[in-house]
S.K.: 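Shown below is the structure under consideration.
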Amino acid sequence: MVQRVAVIGAGPSGLTSVKACLDEGMEPTCFESSDDMGGLWKFKEVSEPNRASIYRSLTINIWKEMMCYSDFPIPADYPNYMHHSKILKYFRLYAEHFKLLSHIRFQTSVKRVTQRPDFSRTGQWEVVIENKDGLEERHVFDAVICCSGHFNYPNLPLKDFPGMETFEGTYFHSWDYKGPEDMYGKRVVVIGIGNSGGDIAVEGSRVAEQVYLSTRSGAWVIRQVSDNGRPVDRFNTRFVHVMFKLVPMSLLNWLGEKKLNAMYDHAMYGLKPKHRLFSQIPVINDDLPFKILSGSVLVKPNVKEIRGSTVVFDDDSSVENVDMIVFATGYNYDFPYLPNNAIYKSGHRVGLYKHVFPPNLEHPTLAIVGFIHSDGAIMPQAEMQARFVTRVFRGHKKLPSNQAMIQAVEKDTRNIAKNYVVSKLTPIQVDFVEYMDDLAKDIGVRPSLLWLLFTDFPLFKRVFWGPVTAYQYRLMGPGKWEGARKAIFTQFDRMYQPLKTRKLQVNESSTTGRLIKLSLTVMAGGAALYYVQVRNPTIIPILMSKFHPQTA
């Protein structure tokens with residue numbers, strides 16, 4: 001039985017993996033190469049090789065209620081979208097509350113993870129580390145959880161841009177970007193329109209002479225501040241998820257694109273991409289449309305070639321006297337400390353069963369947590385993965401055969417390629433709710449909507465009609481948290497709390513408004529019942545029979 005577990009990395013995935021091990025009665029040792037926890041969210045003025053890096057102004061684009069761990073709500077007075085310093089503070093609170101710090105060895109790098117000679121019998125691993133004194137140590141563990149992330153190795157494709165060697169200005173990857181100080185009065189080209197590229201273009205445009213944002217395929221851009229001024233994540237509900245299962249995707253794409261174009265016409269702004277809205281995670285940026293409208297940022301097609309200080313684009317337009325090029329061109333991923341036989345390749349990606357377990361190992365004692373990309377935050381997904389992993393380690397959940405897992409991995413690869421726009425740099429994409437529910441079902445913590453409908457209707461309304469926050473996965477089953485119901489009922493209180501900086505008299509809602517809400521709730525309940533009936537026609541009669549009085 002697994003008892004001693006090595007956890008590699010003390011970022012958001014590593015912290016929750018340590019906690020999951022403790023919850024299952026195991027003994028985790030976390031190896032962190034830097035001098036502090038936080039991983040990606042630990043800001044440093046100088047980027048360190050082979051480590052994730054962020055810029056000084058970075059604010060997360062996920063609502064705090066959708067990014068927190070399932071049994072530790074973010075403090076109510078924290079802003080809805082948090083600066084990286086607040087996120088790091090939250091991690092410290094989490095680590096202190098659950099007493100994780102004593103299990104972390106800082107300034108300790110993992111050099112190699114190899115199977116023990118008796119792996120076939122024990123499933124054990126040898127972990128070779130370098131401690132803070134530069135000395136090598138060897139340790140044996142029953143299992144290993146890799147939480148080293150996938151933003152460590154910047155992709156700088158200079159060979160894709162002919163003439164780059166002639167460029168007379170400065171260039172660097174967004175991984176090296178810390179702030180716009182070096183952009184004052186300069187002409188800047190940003191290549192890549194992901195979230196980092198958009199942020200850097202916007203921030204640089206405030207001080208640069210001119211910023212040009214080059215994109216190969218365009219992007220759909222959404223706002224964090226959505227209808228009625230609420231966080232856009234608030235609308236990621238189970239009701240919406242049900243609609244995605246019942247309504248044709250072509251219609252959903254049309255409705256979503258129509259909604260976005262009503263705010264700003266993506267074709268007019270030069271942003272319209274080649275793909276449909278729900279085929280790729282959109283760019284989240286409230287400021288970019290205005291910067292385009294004001295002329296501070298000019299959207300251009302892909303770079304064709306570079307001639308000295310002149311940048312030529314695919315449409316043969318050009319920009320002269322360019323001083324700086326920023327490559328927001330994504331990241332490569334790697335696990336240099338793992339043996340080659342532990343990595344199963346499937347298409348562009350590392351093939352993992354449930355996006356966690358290598359499917360080709362004799363024993364399921366190696367897991368990768370946090371290596372996922374979706375429309376939700378990494379924190380709750382990594383936490384769910386860690387809970388799943390530790391249940392497997394402890395023997396509470398048995399994995400299928402290697403052949404069955406490999407078939408599942410290949411099926412996932414085909415489905416990802418079918419439903420999303422993927423590439424070598426972005427090979428993994430899943431639906432947040434669907435993935436969380438899938439893992440939760442295996443763990444035994446997926447909330448039963450039908451049960452809640454008949455036993456706790458007020459909670460049912462909030463679980464089905466409200467945002468899919470991680471608290472829902474602490475209502476029942478292993479790891480049940482008594483505070484989960486209260487956390488769900490108070491999640492909007494925590495949304496409003498940081499906005500209460502000026503007291504106003506609020507009018508009570510009208511009778512008509514209450515009737516409309518009641519009607520929508522009834523519709524939501526009907527949709528839930530229909531969804532359950534379609535997926536499993538026998539469950540409603542079985543559940544209803546339990547409510548019939550017993551007769552002698």
Side-chain angles (χ1 to χ4, degrees), residues 6-22 28-75 78-110 129 132 145-154 174-179 195-196 199 331 333 335 368-373 376-386 470:
V7 178
I8 303 174
S13 299
L15 291 175
T16 194
S17 293
V18 170
K19 178 183 178 295
C21 288
L22 294 173
T29 300
C30 180
F31 300 109
E32 169 55 45
S33 61
S34 75
D35 59 358
D36 202 357
M37 70 176 73
L40 170 73
W41 298 99
K42 171 62 178 180
F43 172 78
K44 293 198 172 185
E45 285 290 345
V46 179
S47 301
E48 298 178 350
N50 304 330
R51 292 188 56 79
S53 175
I54 57 176
Y55 34 97
R56 197 174 297 108
S57 63
L58 181 63
T59 297
I60 196 169
N61 55 21
I62 302 290
W63 177 36
K64 67 176 181 179
E65 291 299 304
M66 291 291 286
M67 63 152 280
C68 66
Y69 297 117
S70 61
D71 53 359
F72 195 70
I74 291 173
Y78 278 34
N80 284 283
Y81 292 104
M82 300 190 295
H83 184 258
H84 62 74
S85 59
K86 284 286 188 182
I87 295 173
L88 186 62
K89 187 175 181 180
Y90 169 67
F91 290 153
R92 294 196 197 286
L93 294 173
Y94 179 79
E96 291 167 2
H97 179 79
F98 292 109
K99 298 178 173 58
L100 309 181
L101 292 174
S102 62
H103 300 276
I104 304 174
R105 289 187 59 178
F106 293 105
Q107 294 180 293
T108 304
S109 301
V110 173
I129 64 170
K132 62 181 179 181
I145 305 177
C146 305
C147 306
S148 50
H150 51 105
F151 296 110
N152 302 331
Y153 306 101
S174 58
W175 179 82
D176 279 312
Y177 177 80
K178 298 300 176 182
N195 285 314
S196 294
D199 284 352
Y331 292 83
Y333 57 88
F335 301 94
I368 298 177
V369 168
F371 191 63
I372 195 73
H373 193 48
I378 189 60
M379 296 76 169
Q381 291 178 101
E383 179 188 42
M384 190 66 75
Q385 289 178 326

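Along the sequence shown, the residues carry numbers beginning at 1.
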S.K.: Any idea how His97 and Phe72 line up, ring-wise: parallel (<30°), tilted (30 to 60°), or perpendicular (>60°)?
M.R.: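 Aromatic pair His97/Phe72 classed tilted.
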S.K.: Between Lys86 and Tyr78, is NZ or CZ placed under 6.0 angstrom from the six-membered ring centre and within 45° of the ring axis?
M.R.: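 That pair qualifies as a cation-pi contact.
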S.K.: At their closest point, which heavy atom of Cys68 faces which heavy atom of Ala470, and how far apart are they?
M.R.: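 Answer, listing the atom of Cys68 first, then Ala470: O-CB, 3.9 Å.
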S.K.: Please round to the nearest 0.5 Å and tell me the distance separating atom NE2 of His83 and atom NZ of Lys89.
M.R.: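 That separation rounds to 13.5 Å.
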S.K.: I'd like to check the side chain to side chain contact (heavy atoms under 4.5 Å, CB included) partners of Asn50; sequence neighbours left out, ordered by chain and number.
M.R.: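 Asn50 satisfies side chain to side chain contact (heavy atoms under 4.5 Å, CB included) with Tyr153 once adjacent residues are dropped.
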S.K.: Mind listing the closest non-hydrogen atom pair of Ser196 and Tyr55 along with its distance?
M.R.: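 Heavy atoms only, the tightest pair is CA-OH, 3.9 Å.
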S.K.: Verify whether one side chain among Glu383 and Ser70 offers a donor that lies under 3.5 Å from an acceptor in the other.
M.R.: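 Their side chains do contain a donor-acceptor pair, which is all the 3.5 Å distance test asks for.
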S.K.: With a 4.5 Å limit on heavy-atom distance, are the side chains of Tyr94 and Leu100 in contact?
M.R.: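 The answer is yes, as the side chains (C-beta and beyond) meet within the 4.5 Å cut-off.
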S.K.: Only counting residues at least two apart or in another chain, list the ones meeting side-chain hydrogen bond (donor to acceptor under 3.5 Å, both in side chains) with Trp63.
M.R.: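 Per chain and number, Trp63 pairs via side-chain hydrogen bond (donor to acceptor under 3.5 Å, both in side chains) with Asn80.
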S.K.: Among Lys42, Arg105, Arg51, which one satisfies salt bridge (charged side-chain N to carboxylate O under 4.0 Å, His left out) with Glu32?
M.R.: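 For Glu32, the salt bridge (charged side-chain N to carboxylate O under 4.0 Å, His left out) check succeeds only for Arg51.
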S.K.: Calculate, to the nearest 0.5 Å, the distance between atoms CD1 and OG1 belonging to Ile145 and Thr16 respectively.
M.R.: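 The OG1 atom of Thr16 is 9.5 Å from CD1 of Ile145, to the nearest 0.5 Å.
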S.K.: Taking it one step at a time, do Leu101 and Met37 satisfy side chain to side chain contact (heavy atoms under 4.5 Å, CB included)?
M.R.: CA-CA 9 Å; Leu101 292 174; Met37 70 176 73; 3.0 Å; yes
S.K.: At their closest point, which heavy atom of Lys178 faces which heavy atom of Ser53, and how far apart are they?
M.R.: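 Nearest pair, atom of Lys178 first, then Ser53: NZ-OG, 2.7 Å.
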S.K.: Considering only heavy atoms from C-beta outward, does the side chain of Ile62 approach that of Ile378 to under 4.5 Å?
M.R.: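 Ile62 does not reach Ile378 side chain to side chain.
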S.K.: How close do Arg56 and His84 get, heavy atom to heavy atom, and via which atoms?
M.R.: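 Reported closest heavy-atom pair: O-NE2, 2.9 Å.
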S.K.: Taking the side chain as everything from C-beta on, heavy atoms only, tell me whether Phe43 gets closer than 4.5 Å to Leu58.
M.R.: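 SC-SC contact between Phe43 and Leu58 ruled out.
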S.K.: Can you confirm whether Met82 sits close enough to Ile74 that some side-chain heavy atom of one is under 4.5 Å from a side-chain heavy atom of the other?
M.R.: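 When only atoms from C-beta onward are counted, Ile74 and Met82 do touch, with a gap below 4.5 Å.
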S.K.: Taking the side chain from Ser47 and the backbone from Trp175, do they hold a donor-acceptor pair closer than 3.5 Å?
M.R.: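 Side chain of Ser47 to backbone of Trp175, a donor-acceptor pair under 3.5 Å: yes, one is there.
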S.K.: State whether the number of non-hydrogen atoms from other residues, nucleotides or ligands found under 6.0 Å of Lys44 atom NZ is greater than 12.
M.R.: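 Buried by this count: over 12 neighbours within 6.0 Å.
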S.K.: Could you pull out the closest heavy-atom pair between Ala377 and Met66, with the gap in Å?
M.R.: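 Heavy-atom minimum between the residues: CB-O, 3.8 Å.
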S.K.: Going through the distances and angles, do Asp36 and Arg92 end up as a salt bridge (charged side-chain N to carboxylate O under 4.0 Å, His left out)?
M.R.: CA-CA 10 Å; Asp36 202 357; Arg92 294 196 197 286; 2.6 Å; yes
S.K.: Please report the C-alpha distance between Trp41 and Ile60 in whole Å, then the side-chain angles of each, then the deciding distance to 0.1 Å, and finally whether the side chain to side chain contact (heavy atoms under 4.5 Å, CB included) criterion is met.
M.R.: CA-CA 10 Å; Trp41 298 99; Ile60 196 169; 3.8 Å; yes
S.K.: Measuring from atom OG of Ser109 to atom CD1 of Ile8, what distance do you get when rounded to the nearest 0.5 angstrom?
M.R.: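 Answer for the OG-CD1 pair, Ser109 versus Ile8, is 11.0 Å.
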S.K.: Could you pull out all residues at least two apart from Tyr90 that satisfy side-chain hydrogen bond (donor to acceptor under 3.5 Å, both in side chains)?
M.R.: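 For Tyr90, no residue satisfies side-chain hydrogen bond (donor to acceptor under 3.5 Å, both in side chains) once neighbours in sequence are set aside.
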S.K.: Any side-chain heavy atom of Ile104 within less than 4.5 Å of one from Leu15?
M.R.: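 Yes, close enough: below the 4.5 Å cut-off.
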S.K.: Minimum heavy-atom separation for Asn152 to Tyr331, with atom names?
M.R.: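 Minimum heavy-atom separation between Asn152 and Tyr331: N-CD2, 4.2 Å.
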S.K.: Any side-chain heavy atom of Leu22 sitting closer than 4.5 Å to one from His103?
M.R.: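 Yes, close enough: below the 4.5 Å cut-off.
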S.K.: Does Phe91 reach the side chain of Met379, with side-chain heavy atoms less than 4.5 Å apart?
M.R.: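 Answer yes - side chains close enough.
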S.K.: With rounding to the nearest 0.5 angstrom, report the OG to CG distance, Ser57 to Asp199.
M.R.: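 Here the rounded value is 7.0 Å.
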S.K.: Got a donor-acceptor contact below 3.5 angstrom from the Thr108 side chain to the Phe106 backbone?
M.R.: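 Looks like yes, one N/O pair under 3.5 Å.
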